[in-house]
Trainee: 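So that we are looking at the same thing, I have put the structure below in structure tokens.
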Number of protein chains: 2
Amino acid sequence: MPKRATIQDVARAAGVSVTTVSRYLNGRYESMSEKTREKIAAIIAELGYRPNALAKGLKAQRTETVGAIVVNMSYPFCVGFLRAFSRTLGAAGYHLMVAESEGDAKRERQLIESFVANRVEAIALQTSGANNDYLEELAREMPVVLVDRAFALPHAYAIGTNNRDASREIAWQLFDLGYDRVVYLTEDERGIPTRTDRLEGYLDACRVALREPVVMRVRRGDPSSFHEALARVDACARKARTAVYTANGLVLMECYRPLRALGHKVPVQLGIATFDQPDWADLVDPPVTCVRQPVEEMGEAAGRIITARLRGEGVTAEVLVVPSTVAMRGSTGRG
Amino acid sequence: MPKRATIQDVARAAGVSVTTVSRYLNGRYESMSEKTREKIAAIIAELGYRPNALAKGLKAQRTETVGAIVVNMSYPFCVGFLRAFSRTLGAAGYHLMVAESEGDAKRERQLIESFVANRVEAIALQTSGANNDYLEELAREMPVVLVDRAFALPHAYAIGTNNRDASREIAWQLFDLGYDRVVYLTEDERGIPTRTDRLEGYLDACRVALREPVVMRVRRGDPSSFHEALARVDACARKARTAVYTANGLVLMECYRPLRALGHKVPVQLGIATFDQPDWADLVDPPVTCVRQPVEEMGEAAGRIITARLRGEGVTAEVLVVPSTVAMRGSTGRG
DNA sequence: TTGAAAGCGCTAACAA
DNA sequence: TTGTTAGCGCTTTCAA
């Protein structure tokens, strides 16, 4: 690894001072002779010189880098969010550092700290909620945006969707469509606001519709937990029109095949609906009714808030709720 | 934004020199009194001090950061790759900067340069191929790994799959299964090695099987281009058993519904196969035959190569081919 | 066991 | 139009 050229090297080779080179680098040509400018340009090209952003950042106290911490980069929510976030920031000239917490609070904390050490200018994260004290402190010093699992925290921004309302709405519609039973499949919701909210929404709907809620908890990656849930669905469906409503697309994905394999007619005997809009929802037959989360809008909003704040503009909305919408499809007999 | 505490602040508050604090930070406790150590620890906690990684990096000439440039973070290939890459690097203590080139060569170049300016210690990228000269130069100074669209470049590493062989294999199997026509749907392949290789593989199979190739070029996001392709498929399928083979999962996704809407019986009249393994391949009925690209292995390999190189270990394999495998499913009448 | 000081590559205030 | 120099926050050599 040959050492990279520095501004000193350029200055020396061009026979000027580092100041002049620095001026050149920052586009302050107005006070510089044509000749000097050309000379410097030539040397830079020749040396393949690239200014050291670390040195610049150290001096300027600005890194033009923003950090994002998600639970898992391959979760559809995160994919959509990160893409929109990255685009918005990229357009404003910021770099993006990405890391995965795997939902682990300690790891999340470490990641935040190491982002801070790297002097990211802002952080967006899908937090476990266990580091709220630290985040609250941090939010005093830099823009902090909590997405998805959006806890209300002083000084921090929160971007999420109306999980409870949308969940209530879709569950309600399922009852309204004539499904006597709606079986709700969720992962362990404790400590995860999106999940508790969606569950609450479902329970709200049951209350209003005067139906007995049926909540089955599953663990992704553990087929036996799904077996149990599906056995319950099967039992219900034999007695009355039943709908399965899953708390997110990944849960539905994991049980979709065995669910269909039960053999009940969709949508007549069995309805299927899910929170999230998996990209395959329209490909299966019949297409799956779902709650469309405006993931990209959230990413964009997060990017906009951060760039605005870093530009020194006050951003008012501390809690942004981007509403989800229900998309009725054939899997519930309408659409 | 209150200024963050510096090592100076800590030293002053603890009544010791910055040298001592630096020693503490780097775990060199052996030559330090118990009392000093505790004092420093207390002050650091009190001040919420976080060492400035920029200053450290500037001094040490190491940023512990690696860059990745992909075409589009939401492409299934990139999602899988980035996740595995990020995990592997994260485990080795590296940070990851991610950016999207959108397949644009100029943008790609800018991104590389700005990564270089930020002194990333290595770069992995899905390149357009237009910056090969620059990349070749760069590869002399730092580990450069070309993934997916893997051009062979001196000093750089290339990680890809056996696109041509796998494509030939699946096309050949389609003929073997009794499909008289195999219609190949691809996006414009010019300049993109993965696409040309897959096309070549298909053509190879046609040659060997003595069949007329039928190549239809589509543009994602442009329905009319798909209409045309599907009309051709329809015409073929009316005359003889026909299979559709798409160059990647996104192309298949975009035409899957209209394809099924043509009404031909799958797999009897119409076979369906694709390169890539979309996550929904098993959810539709019948499940879709596909070429499984070991995306995660590529990400892991890229991470391993980079960490090994940065650890100073010589890494030999300059071109790594991670083989894809054909998964026969019901959409082609076997599996 | 501790500290002074040089220097990493850059910017900008001040001077010429 | 150009240059000198201090300093951003840290590590490390050398000295005490």
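Throughout, protein chains are lettered first and strands after them, A, B, ... in sequence-line order, and every chain is numbered starting at 1. Owing to the predicted nature of the structure, the values given are computational and were not obtained by experimental measurement.
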Trainee: With sequence neighbours excluded, what pairs up with B:Leu54 under the side chain to side chain contact (heavy atoms under 4.5 Å, CB included) test?
Mentor: A:Thr63, A:Arg119, B:Asn52
Trainee: Return yes if some donor-acceptor pair links the side-chain N/O of A:Ser22 with the main-chain N/O of A:Val18 below 3.5 Å, else return no.
Mentor: no
Trainee: Would you mind listing every salt bridge (charged side-chain N to carboxylate O under 4.0 Å, His left out) that reaches into residues 83-101 of chain A, with sequence neighbours excluded?
Mentor: A:Arg83-B:Glu100, A:Arg83-B:Glu102, A:Arg87-B:Glu102, A:Glu100-B:Arg83
Trainee: Does B:Arg62 have any salt bridge (Lys or Arg N to Asp or Glu O under 4.0 Å) partners at least two apart in sequence or in another chain, and if so, which?
Mentor: B:Glu121
Trainee: Got a sec, which pairs hit salt bridge (charged side-chain N to carboxylate O under 4.0 Å, His left out) with one end in residues 11-29 of chain B, sequence neighbours left out?
Mentor: B:Asp9-B:Arg12
Trainee: Please identify each residue that fulfils side-chain hydrogen bond (donor to acceptor under 3.5 Å, both in side chains) with A:Glu313, with sequence neighbours left out.
Mentor: A:Arg311
Trainee: Quick one: bend of the helix from C:dT1-D:dA16 to C:dA16-D:dT1 from 5 pairs per end, to 10°?
Mentor: 40°
Trainee: Residues in side-chain hydrogen bond (donor to acceptor under 3.5 Å, both in side chains) with B:Thr161, at least two apart?
Mentor: B:Ser324
Trainee: Could you pull out all residues at least two apart from A:Arg50 that satisfy salt bridge (Lys or Arg N to Asp or Glu O under 4.0 Å)?
Mentor: B:Glu113
Trainee: Under 4.0 Å from any heavy atom of chain B: name the first and the last nucleotide of DNA chain C that qualifies, 5' to 3'.
Mentor: C:dT1 to C:dG9
Trainee: Quick one: side chain to side chain contact (heavy atoms under 4.5 Å, CB included) partners of B:Glu296, sequence neighbours excluded?
Mentor: B:Ala84
Trainee: Does the protein touch nucleotides 7-14 of chain D at the base, only the backbone, or not at all? Give it as B, S and - per nucleotide, heavy atoms under 4.0 Å.
Mentor: BBBBBBB-
Trainee: Using distance only, find each side-chain donor-acceptor pair of residues 144-152 of chain A under 3.5 Å and give its atom names and separation, not counting sequence neighbours.
Mentor:
unit_1	atom_1	unit_2	atom_2	d
A:Asp148	OD2	A:Gln126	NE2	2.8

Trainee: Starting from C1' on D:dT2, measure out to NZ on A:Lys39 and report it in whole angstrom.
Mentor: 17 Å
Trainee: Could you tell me whether A:Glu30 contacts a base, only the sugar-phosphate backbone, or nothing, with contacts defined as non-hydrogen atoms closer than 4.0 Å?
Mentor: sugar-phosphate
